[in-house]
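Some notes on the structure that comes next.
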Amino acid sequence: MSIITLQSVNKDFGIKEILKDANFSLDATDKVGLIGTNGSGKSTLLKMIAGLEPVDSGQILVNSSSKVIYLPQQPDLDENHTVLEQIFADSGEHMALVREYEELSDKLAHYPEDSQLMSRLSAVMQRMDANGAWELETNAKIILTKLGISDFNAVIGTLSGGYRKRIALATALLSEPDVLLMDEPTNHLDALSVEWLQSYLNRYRGALFLITHDRYFLDRVTNRIIEIDRGDIYSYTGNYSYYLEKKALAEESAVSTQRKHQGVLRRELEWLKRGPKARSTKQKARIDRVHAMRETEFKQANGKVDISTVSRRIGKKVIAINNISKAYNERTLIKDFTYEFSPEDRVGIIGANGAGKSTLMDMITGRVQPDAGNVEIGATIHIGYFDQHSEELLTALNENQRVIDYIKEEGEFVQIADGTKITASQMLERFLFPGNQQYAPIHKLSGGEKRRLFLLRVLMSAPNVLILDEPTNDLDVQTLAVLEDYLEDFSGCVIVVSHDRYFLDRTIDTIFAFEEGGILRQYPGNYSVYLDYKKAEEATQQETAIKEKSNKVEVEKIASQPNDSENKKRRRLSNWEKQEFEKLEGKIAQLEVEKAEVEKALLNVPPGNYSQVQKLYEQVEALKQAIDTATERWLELAEIES
């Protein structure tokens, strides 16, 4: 059943045609990834479907019985709300009950003997039971925690843009709509949160229509790809890998068709030059066909960013970091970090949001000074810093400046990889900024186009050290693929801060991971290799913990046994202990069966039923504890019996 249908939709912003006669439908089981170059109209299309942007002509039909939720890149939240208040803002009575419950619980913690408070709390709890507010609160806290938010009473106005995006994402998921429209949902999420969201959306039973640069995410969540290419819409049934395969075949077929057309047209034109006289109906039809063929237009291959700038010579000394430390208030971000970057380094910096990744980059570039230690930069080093806040800086400082003028500030001419010099305008065209767009003010560009423009200026400065802080935010997948190819051949040092698993796998060969207490730990290899290391470490830690626990039990048993000199007679099991021993084996087997049944039920919980997931998870943990306790007791009795 179609939930959303576009019929002959057109949208034009004057300097760019976004959609022309667009038609497609979204079914209840569709998980659609929307792709296209920055500025192609992806975000505009989502806004039109959400009813926030008008169409020029045509119509968008939305099933009136379907609940549609739109998650923009920059959500609008109430600055005065706490996190939980924002989550429950549209929940009416549920929100009032949860708020009252939280307030009464806080007061009772200070005045536990107050009978009136206890009576009021009891009444509120009964109303929460009747209204299902318990489940709503539990689900909200589970989702927020999975997205890296633990302070539920923090005020929105005090939080960063990244935290606000995650709160808006949690609100959208909690609403359980029929259709989720999501614009870059993985931005500002760390790798663990992205993994969780990916798993959640795989179980989600509603329809998805999302924009994301995360190609692993696209591959594992979507079952259909829609591409916007210069106003036209193309649909591919399958995930991102399938799209790439079919797209390549389609482009090959289009090139082949165009070549055949040109071959036939060339032969027909030669025949026409010989001056045939249209005496017969067949000859006249043939002449008309030649004229029609001459007017046939073929769409050129999709525009592709051409990154071919040169880099400067790099010396032996690049960047030396000597025992730097940095703390804010009581929190240590970086502690005694030392490392000397080499000219060939490809380093990825990873860690949770707020761990200190951008702070480290700012200290390397001199924007922030360390509390202790120092950073030394080699004499020949020219750093190109692609800041994750580049779009905000671009908008704030150059809002009305023309695109071409912004680039000309770096240089009128650019030397490219083959040694040729081209104009700033030609370089802009290579970065998919056509002539009419080059003379538009910067504020007319989309967020992704601003990022691409800033990247161009960074590369035009011919750096020999590239620092890329979250380069994948808002860059389209096509530009990212070209940037990855460019970095492979870049003759200099590359330092990348990113949560994009695919990008890290393609571009780096060393990982620095932020760990507790401001410690940066080095791992060889790309991100996938790092994950293998972490899994192996966790397995070793679990094995060590089990051995330590076993050794502790053994030591306690030995210590509890009577000394031969004190008592030569071994203790025998009492009648009660014999009965307990005989029953324990069956009890352990029964507990194992129960645990397996609960784990099976946990796998089959319908998507979105977080209270049931939480309940079953707690049952599994309780059963594990019961099995461990019963097993230890059985071993203890078996030792006496033997």
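Between K357 and E470 no salt bridge is recorded (no basic side-chain N to carboxylate O distance below 4.0 Å). Between K326 and D371, at least one side-chain N (NZ, or NE/NH1/NH2) sits under 4.0 Å from a carboxylate O, which counts as a salt bridge. Ionic pairing of R215 and E484 is present here: one or more N-O contacts between side-chain nitrogen and carboxylate oxygen are shorter than 4.0 angstrom.
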Legend entry - Worked verdict on D183 versus S43 for side chain to side chain donor-acceptor pair (under 3.5 Å): CA-CA 7 Å; D183 196 346; S43 295; 2.6 Å; yes
Inset, instruction - Check step by step if side chain to side chain donor-acceptor pair (under 3.5 Å) holds for E449 and S446. - result: CA-CA 5 Å; E449 285 174 319; S446 69; 3.3 Å; yes
Inset, instruction - Output, in order, the C-alpha distance, side-chain angles, deciding distance and verdict of side chain to side chain donor-acceptor pair (under 3.5 Å) for D336 and N323. - result: CA-CA 4 Å; D336 297 330; N323 293 102; 4.9 Å; no
Inset, instruction - Starting from the C-alpha separation in whole Å, work towards a yes-or-no answer on side chain to side chain donor-acceptor pair (under 3.5 Å) for D362 and T359. - result: CA-CA 5 Å; D362 285 340; T359 301; 5.7 Å; no
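R501 forms no cation-pi arrangement with F503, by the criterion of a distance under 6.0 Å to the ring centre and an angle within 45° of the ring axis.
The six-membered or imidazole ring of Y530 lies near that of Y527, with a centre-to-centre distance under 6.0 Å. Note: F512 and Y339 meet the aromatic proximity criterion, with ring centroids under 6.0 Å apart.
Here the CG-CD distance, from L159 to E79, works out to 9.0 Å after rounding to the nearest 0.5 Å. Annotation: the span from I383 atom CD1 to M361 atom CE amounts to 10.0 Å, rounded to 0.5 Å.
In this pair, F490 and Y486 present their aromatic rings tilted. The plane angle is within the 30 to 60° band.
Shown here are the ring pair (Phe, Tyr, Trp, His ring centres under 6.0 Å) partners of F433, two or more places apart in sequence or in another chain: there are none.
R452 places a side-chain N or O within 3.5 Å of a backbone atom of N38 that can act as its donor or acceptor partner.
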